[in-house]
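Encoded as structure tokens, the structure appears first; notes follow it.
Numbers here simply count residues along the sequence, with the first being 1. In each ligand, atom 1 is the first atom listed, and ligand 1 is the first ligand listed.
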Amino acid sequence: MVDVLVFGPHPDDIEICAGGLVLVMRQRGYSVGGVDMTAGEAGTRGSRHTRLSESKAGAERLGLAFRECLGLPDGELEADRHARDLVIACIRRHRPRLVVAPISSDDHPDHSRTGKLVKEARFLAGCARIGPAGEPWRPGRVLFYPSRELMTPSLVVDISDVFEAKLHAVRAHTSQLHDPTSSEPPTHIASEEFLELIEASARYFGGLIGVRHGEAYSVDGPLAVQDPLPAVQGRGHVVFADAAPVGREPAP
Ligand SMILES: [Zn+2]
């Protein structure tokens with residue numbers, strides 16, 4: 001059993017898109033597991049072998065309790081019953097409380113289909129007579145992460161304290177990143193500016209909640225909140241000109 005289960009279509013996606021959340025949850029004592037849908041074997045750079053060793057290094061840097069690969073075909077991932085059953089089995093096996101996956105509006109079909117598969121599997125994993133063998137289990141709502149999409153986040157996680165550790169985990173994917181000595185074809189991730197783009201995104205989303213670095217997530221439904229105050233006290237929202245910030249009124 002694991003607290004959080006993060007799905008990535010390719011071996012570097014968990015680090016790039018949700019590495020901050022993983023590190024924050026680990027800091028808070030939660031266990032986090034990772035699942036790569038594919039081995040990234042069709043990537044423009046690197047090989048199945050190098051990507052496997054890089055995903056192991058990334059998992060160590062993030063402190064993942066485990067990282068497994070479902071072995072679906074890279075670049076040709078289909079949201080079919082076979083893939084859906086693999087994800088259902090995975091959820092039933094690890095019984096996470098929270099599941100994290102790519103947003104389904106992502107341009108890359110492997111990403112959008114992973115989002116769709118995880119959303120369906122989260123629900124169906126709780127239906128005893130559907131899917132492969134295994135005890136039924138339904139996690140809470142899925143947190144969806146963007147990669148390059150414009151999205152209005154449902155929530156932003158403050159990753160300021162772990163941002164450097166996130167970059168360290170991203171750098172485990174050496175074959176995918178900029179290397180002036182490499183003769184492999186250029187890609188978006190291998191551009192010289194890619195790590196700066198990660199920082200720009202984190203600074204932008206962090207700015208929305210008044211912190212240095214943030215990671216954006218969307219949720220496809222309402223979140224249950226017992227005490228709304230902690231959720232609305234983010235510094236980015238305390239901007240009333242003529243009123244004291246919520247919870248910070250001066251003593252009478
Ligand atoms: Zn990817």
Can you tell me how the ring of Tyr145 sits relative to the ring of Tyr217, calling it parallel under 30°, perpendicular over 60° and tilted otherwise? perpendicular

Restricting to under 2.8 Å, identify the protein N, O or S atoms around the Zn ion (ligand 1) as residue plus atom. His10 ND1, Asp13 OD1, Asp13 OD2, His111 NE2

Phe66 CZ to Ser31 OG distance, which is reported to the nearest 0.5 Å: 8.0 Å

Test: Lys166 and Glu215 ion pair at under 4.0 Å: yes

Closest non-hydrogen atom pair, Gly131 against Asp85: CA-OD1, 3.7 Å

Please step through salt bridge (Lys or Arg N to Asp or Glu O under 4.0 Å) for the pair Arg212 and Glu164, ending with a clear verdict. CA-CA 12 Å; Arg212 190 165 179 83; Glu164 287 306 320; over 6 Å; no

For Pro132, does its backbone N or O pair with a side-chain atom of Arg92 as donor and acceptor, under 3.5 Å? yes

